[in-house]
Undergrad: 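Can you read through this structure? Questions will come right after.
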Amino acid sequence: MTNAPGSRDPFLTHRNLLFTVAYEMLGSAADAEDVVQESWLRWSAVDPAGVSDPRAYLIRIVTRQSLNRLRTLSRRREDYVGEWLPEPLLTSPDVAEDVELAESVSIAVLTVLETLAPAERAVFVLREVFGLPYEEIAEAVGKSAPAVRQTARRARTHVAARRPRMRVERAEQREVVARFLAALRTGRIQELMEVMAPDVVMITDGGGVVAAALEQLHGADLVARILAGAHGKVTELDIAVVLLNGEPAGRVDFDGEPSTVSLAVEDGLITRIYVVRNPGKLTRLDTPSDLTR
C-alpha cells in the first residue's frame, strides 16, 4: 500500500476513532486493540487510490471485525465468573468535555450496551454515537437500510429504558464521587448510606481472580455494610478521584491491589456503583486513552 509523498496514511489519521468504535462495541480495550490491528492488516492490502472515503471504509472494516469478535466474546462471557463489567479507561479532560462521547463510553452506558445483540449494538453505536447515515451502517453490518432503521429504533428504545435517567453535570458528578470516596475512606456505614439512594445497586467484577460479589447487591444498607466490612479488612487504603471513561470516578487501592469505582448519580444520590477489581481489566489506569468521534 502506498500513499502520495508527504501524505498521511488514513489509517493513522483515524486510528483513535477506530479504537473508540471498537471499544464501544466490545467494552474491552484489549479486544479493541486486537480489532484495530486486524483492521490494519486488511487495510494494508487495499489500494487507497480506489477508496473514495477512507474514514467510512475503515469504520466498515472495524465494525465487521468487531462483530466477529463480539460473537466470540459472547460465548466466552457465558463462562465468566461473577458479574462482567466493561474495562475502565483513564481518559483526558478532552473526552469529558465532549458530553455525548463521555456519556456513550461511560461504564453505565457500556454496561447497558452489553444487553444488546451484536448487530443491535453495532447499529446503535454507529448511529447514535458516531452519526453515520443508515446506508453506510447497512454496508458495515450487512443489512438493508430499512432493516438498519428498525434495528436502530429497537436498540434506542432498549437503551433508553435501561440507561441512567438523568444527565448529571460533571461538577455534580465530581462532588458526589468525592463524598462517596470520603465516606469510603472512613468506613462508616451511616456516611456511606447518606450518599446512596435507598435502592442503590452495586456490581463488582473480580473475574474469579480477586474477591468480589458474584451477584448484584441491592439496597443502601447492604451495600454500605459490605463496603464498611471491606474497609475493615485492609491495612492500607489509597483513594483518588480520577477521570474514567469521560467521568469523575474513583481509583481505590486495597493493600496495593487496584480497583476502580464508577458511579451513576441521580438527584444527588448514587443509584449504581460499578466496581472493577479484575486485574486483567486494570492495565490502563496510568496513561489516558485517546477516545474520539
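In this chain, numbering begins with 1 at the start of the sequence shown. All heavy atoms count here, side chains included; hydrogens, waters and symmetry mates do not.
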Undergrad: How would you list, by chain and number, every residue that makes a side chain to side chain donor-acceptor pair (under 3.5 Å) with Arg42, sequence neighbours excluded?
TA: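 For Arg42, no residue satisfies side chain to side chain donor-acceptor pair (under 3.5 Å) once neighbours in sequence are set aside.
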Undergrad: Would you list the pairs meeting ring pair (Phe, Tyr, Trp, His ring centres under 6.0 Å) in which at least one residue belongs to residues 46-72, sequence neighbours left out?
TA: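 Applying ring pair (Phe, Tyr, Trp, His ring centres under 6.0 Å) to every pair that reaches into residues 46-72, excluding sequence neighbours, yields Trp43-Tyr57.
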Undergrad: With sequence neighbours left out, write down each residue that passes side chain to side chain contact (heavy atoms under 4.5 Å, CB included) with Thr13, or none if nothing qualifies.
TA: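 Partners of Thr13 under the side chain to side chain contact (heavy atoms under 4.5 Å, CB included) test: Arg8.
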Undergrad: Scan for salt bridge (charged side-chain N to carboxylate O under 4.0 Å, His left out) pairs involving residues 216-232, sequence neighbours excluded, and state none if there are none.
TA: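 For residues 216-232: Asp221-Arg225.
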Undergrad: With sequence neighbours excluded, what pairs up with Ala183 under the side chain to side chain contact (heavy atoms under 4.5 Å, CB included) test?
TA: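 Partners of Ala183 under the side chain to side chain contact (heavy atoms under 4.5 Å, CB included) test: Glu191, Leu192.
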Undergrad: Kindly compute the distance separating CG (Leu110) from CZ (Arg163), expressed to the nearest 0.5 Å.
TA: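 Going from CG on Leu110 over to CZ on Arg163, the span is 10.5 Å.
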Undergrad: With a cut-off of 3.5 Å and sequence neighbours excluded, list every side-chain donor-acceptor pair involving residues 135-152.
TA:
{"residue": "Ser144", "atom": "OG", "partner": "Ala147", "partner atom": "N", "Å": "3.2"}
{"residue": "Thr151", "atom": "OG1", "partner": "Ala147", "partner atom": "O", "Å": "2.9"}

Undergrad: Around atom CD of Gln216, are there more than 12 heavy atoms of other residues, nucleotides or ligands at under 6.0 Å?
TA: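 Counting other residues, nucleotides and ligands, CD of Gln216 exceeds 12 neighbours.
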Undergrad: Mind checking side chain to side chain contact (heavy atoms under 4.5 Å, CB included) for Val99 and listing every partner two or more places apart, or none if nothing turns up?
TA: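 Expected list: Arg167.
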Undergrad: Using the side-chain contact (heavy atoms from CB on, under 4.5 Å) rule, pick out the option among Thr204, Leu85, Leu227 that qualifies with Val275.
TA: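 For Val275, the side-chain contact (heavy atoms from CB on, under 4.5 Å) test succeeds with only one of Thr204, Leu85, Leu227, which is Thr204.
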Undergrad: Name all residues meeting the side chain to side chain contact (heavy atoms under 4.5 Å, CB included) criterion together with Ala211; count only those two or more places apart in sequence or in a different chain, and write none if there are none.
TA: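 For Ala211 the side chain to side chain contact (heavy atoms under 4.5 Å, CB included) partners, ignoring immediate neighbours, are Arg277.
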Undergrad: Are Val276 and Leu73 connected in the hydrophobic side-chain network, where two residues link if heavy atoms are under 4.5 Å apart?
TA: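 Each belongs to a different hydrophobic cluster.
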Undergrad: Could you pull out all residues at least two apart from Glu172 that satisfy salt bridge (charged side-chain N to carboxylate O under 4.0 Å, His left out)?
TA: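 Here no residue qualifies.
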Undergrad: Give me the atom names and distance for the closest heavy-atom approach of Glu194 to Leu269.
TA: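 Smallest interatomic distance, heavy atoms only, reads O-CD2, 3.6 Å.
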Undergrad: With a 4.0 Å cut-off on N to O distance, would you call Glu33 and Arg15 a salt bridge?
TA: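 Salt bridge: yes.
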Undergrad: Holding to side chain to side chain donor-acceptor pair (under 3.5 Å), I want the full list of residues that pass it with Thr235, two or more places apart in sequence or in another chain.
TA: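 Thr235 satisfies side chain to side chain donor-acceptor pair (under 3.5 Å) with Asp255 once adjacent residues are dropped.
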Undergrad: Can you give each donor-acceptor pair under 3.5 Å made by side-chain atoms of residues 18-29, sequence neighbours left out, with the distance rounded to 0.1 Å?
TA:
{"residue": "Thr20", "atom": "OG1", "partner": "Asn16", "partner atom": "O", "Å": "2.8"}
{"residue": "Thr20", "atom": "OG1", "partner": "Thr292", "partner atom": "N", "Å": "3.0"}
{"residue": "Thr20", "atom": "OG1", "partner": "Thr292", "partner atom": "O", "Å": "3.4"}
{"residue": "Tyr23", "atom": "OH", "partner": "Glu87", "partner atom": "O", "Å": "2.5"}
{"residue": "Tyr23", "atom": "OH", "partner": "Asn245", "partner atom": "ND2", "Å": "2.8"}
{"residue": "Glu24", "atom": "OE2", "partner": "Ser104", "partner atom": "OG", "Å": "2.8"}
{"residue": "Ser28", "atom": "OG", "partner": "Asp31", "partner atom": "N", "Å": "3.1"}
{"residue": "Ser28", "atom": "OG", "partner": "Asp31", "partner atom": "OD2", "Å": "2.9"}

Undergrad: Does anything in residues 195-215 form a salt bridge (charged side-chain N to carboxylate O under 4.0 Å, His left out)? List the pairs, not counting sequence neighbours.
TA: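 Applying salt bridge (charged side-chain N to carboxylate O under 4.0 Å, His left out) to every pair that reaches into residues 195-215, excluding sequence neighbours, yields Asp205-Lys281.
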